Amino acid sequence: MDIRYFDNSATTRIKEEVIEEMFPYLSIQYGNPSSMYSIGRNAKRAIEKARIRVASLINCKPEEIYFTSCGSESDNTALKGIAYSNSNKGKHIITSKIEHPAILNTCHSLEKQGFSITYIDVDKNGLVNLDTLKNSIREDTILISIMFANNEIGTIEPIEQISEIAHKNNIIFHTDAVQACGNIPIDVQKMGIDMLSLSGHKIYAPKGIGALYVKKGIEFERFIDGGHQEKNKRAGTENVAQIVALGKACQIAEKNLEEYQNKLRDLRDYCLQKISDNIPNIHVNGTMENRLPGNINISFENIDSSELLFKLDSYGICASGGSACSSGDNNPSHVLTAIGVPNELAKGAIRFTFGDFNDIDEIDYLVDVLKKIIVS
Ligand SMILES: *Cc1c(COP(=O)(O)O)cnc(C)c1O
């Protein structure tokens with residue numbers, strides 16, 4: 001059976017060009033980048049080329065990029081790294097209620113270590129209220145971490161205004177941009193971002209590679225002790241092939257960004273229109289403005305999303321209820337609850353996220369299947 005994949009926010013299929021670029025570093029180019037002989041130097045050079053490509057996508061300097069094992073590690077490093085190295089200045093951190101578990105659970109862990117966290121509310125559109133943010137700032141606030149774009153409802157947060165508020169109060173600003181990166185333009189200099197997390201497998205690179213941008217001059221404690229890799233900030237022999245892959249994925253993303261956004265938006269809007277025309281009583285969760293181009297999150301009335309996903313799967317259709325990370329439990333998503341979606345509707349929410357491998361025909365198929373399952 002053909003797979004129709006509408007879960008590109010959970011992960012993406014690796015692009016051929018990316019595999020081609022990384023392949024030599026899984027085979028003949030096996031040198032350790034710390035070694036002085038030629039295959040070691042080749043590996044080192046490949047890493048630095050990838051670093052330039054990642055930096056270019058978000059407009060920072062290559063030396064401000066630290067490679068990590070995933071988006072979650074980037075988030076952990078950012079929050080714990082800043083918390084530990086600034087605890088003499090204060091122990092208060094502000095984040096939002098709709099963050100990814102990589103942020104929320106890191107915050108819970110910091111709470112156990114004596115840090116104090118404020119989880120600010122969002123409005124019905126999923127947007128952080130800037131006045132609430134301002135009012136949450138305390139003398140001892142050391143960090144604000146607000147996601148760039150939400151993984152469930154695609155809401156794009158007012159990043160520039162948030163960074164302005166942070167800097168006016170001498171607070172470091174981190175953003176989890178795992179969903180935003182490669183999907184919408186990011187310019188860390190123009191937007192005043194101090195730290196940013198990104199992940200390879202959401203942008204057509206393999207799973208298990210990520211990066212953290214840290215603005216020059218910002219001190220943070222290292223997350224993994226050991227060798228001197230990544231300027232002494234992240235020990236462990238570099239994952240050369242995957243770093244190369246991430247670099248290639250970022251290069252492709254940067255080159256095609258405008259076209260890619262338009263493609264996803266067209267697919268998404270076509271899908272939403274077609275579902276609206278064919279399925280009664282649907283509710284779109286989150287605002288359609290300030291939203292990732294490839295995201296739609298829909299609640300179907302009187303439907304249990306896990307049941308619907310199960311049926312869709314039997315037709316080869318992949319989608320998700322809430323986020324991949326919270327699948328398996330039956331509680332309504334914390335994001336939908338935070339934007340005020342009633343439990344009944346939250347339990348019938350399905351997220352469709354589009355990607356480069358999708359086309360219109362697949363969406364026609366999806367809507368036909370939805371009609372079969374829901375209407376008849
Ligand atoms: C996927 C995701 C992460 C985690 O990235 P991994 O590379 O899977 O660890 C973090 N934040 C957001 C918003 C995500 O969508």
Side-chain angles (χ1 to χ4, degrees), residues 5-14 18 54 58 65-80 95-109 119 122 126-128 145-157 159 162 174-184 186 193 195-213 223-224 234 239 242-243 245-247 249-250 253 264 286 290-297 318-328 333-336 338-339 351-355:
Y5 187 76
F6 305 109
D7 205 10
N8 288 275
S9 280
T11 196
T12 53
R13 177 172 156 184
I14 308 175
V18 171
V54 176
I58 61 170
I65 294 291
Y66 299 85
F67 291 112
T68 65
S69 71
C70 59
S72 300
E73 186 190 321
S74 298
D75 284 344
N76 272 265
T77 306
L79 268 56
K80 291 176 182 162
T95 187
S96 83
K97 283 194 177 153
I98 62 166
E99 300 293 315
H100 187 275
I103 293 288
L104 292 176
N105 287 330
T106 301
C107 286
H108 296 154
S109 153
Y119 303 89
V122 295
L127 290 168
V128 162
S145 179
I146 303 286
M147 68 199 324
F148 205 118
N150 183 267
N151 46 304
E152 294 189 36
I153 53 174
T155 309
I156 300 166
E157 298 296 339
I159 293 299
I162 295 170
H174 166 259
T175 186
D176 175 342
V178 172
Q179 290 292 337
C181 202
N183 279 284
I184 51 175
I186 298 180
I193 298 166
M195 303 176 91
L196 175 147
S197 304
L198 61 91
S199 173
H201 74 102
K202 309 282 173 79
I203 54 170
Y204 310 100
K207 293 154 193 68
I209 182 71
L212 177 66
Y213 149 78
F223 190 57
I224 297 186
R234 204 274 183 182
N239 190 350
Q242 299 242 40
I243 289 172
L246 177 61
C250 287
L264 296 198
N290 305 319
R291 190 181 190 117
L292 288 176
N295 171 293
I296 191 72
N297 187 309
C318 309
S320 117
S323 74
C325 312
S326 54
S327 62
S333 111
H334 70 286
V335 174
L336 297 181
I339 63 168
R351 177 188 75 180
F352 301 102
T353 45
F354 303 96

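Values in this document were obtained by computation on a predicted structure and should not be read as measured data. Start at 1 and go down the list; that is how both ligands and their atoms are numbered. Atom set for the values below is all heavy atoms of this structure, side chains included, hydrogens, waters and symmetry mates excluded.
Not one N or O of N151 is nearer than 3.5 Å to an N or O of ligand 1, by distance alone. Among the atoms of V178, none of the N or O lies under 3.5 angstrom from an N or O of ligand 1. The shortest N/O to N/O separation between S9 and ligand 1 does not fall below 3.5 Å.
For S199, every heavy-atom contact with ligand 1 shorter than 4.0 Å involves the side chain, none the backbone. Looking at K207 against ligand 1, nothing comes within 4.0 Å, counting heavy atoms.
The contact set between ligand 1 and Q179, taken as ligand atoms under 4.0 Å from a residue heavy atom, comprises 13 (C), 14 (C), 15 (O). Shown in contact with H201 at under 4.0 Å from a heavy atom are these atoms of ligand 1, numbered in order with element: 6 (P), 7 (O), 8 (O). When each atom of ligand 1 is checked for a heavy atom of S72 under 4.0 Å away, the hits are 4 (C), 5 (O), 6 (P), 9 (O).
Annotation: side chain of V178 is not in contact with side chain of N151 (no heavy-atom distance under 4.5 Å). Counting only heavy atoms from C-beta outward, the side chains of F148 and D176 never approach each other to under 4.5 Å.
Looking only at atom types and distance, the side chain of T106 has a donor-acceptor partner in the side chain of N76 under 3.5 Å away. A donor-acceptor contact under 3.5 angstrom links the side chains of S197 and D75, judged on distance only.
When K202, E73, E152, M147 are ranked by how near their heavy atoms come to atom 14 (C) of ligand 1, first place goes to K202.
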From CA spacing to verdict: side chain to side chain contact (heavy atoms under 4.5 Å, CB included), L246, L198: CA-CA 10 Å; L246 177 61; L198 61 91; 4.1 Å; yes
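With sequence neighbours excluded, the residues that form a ring-ring contact (aromatic ring centres under 6.0 Å, His included) with Y66 are F220. Residues passing the ring-ring contact (aromatic ring centres under 6.0 Å, His included) test with F67, sequence neighbours excluded: none.
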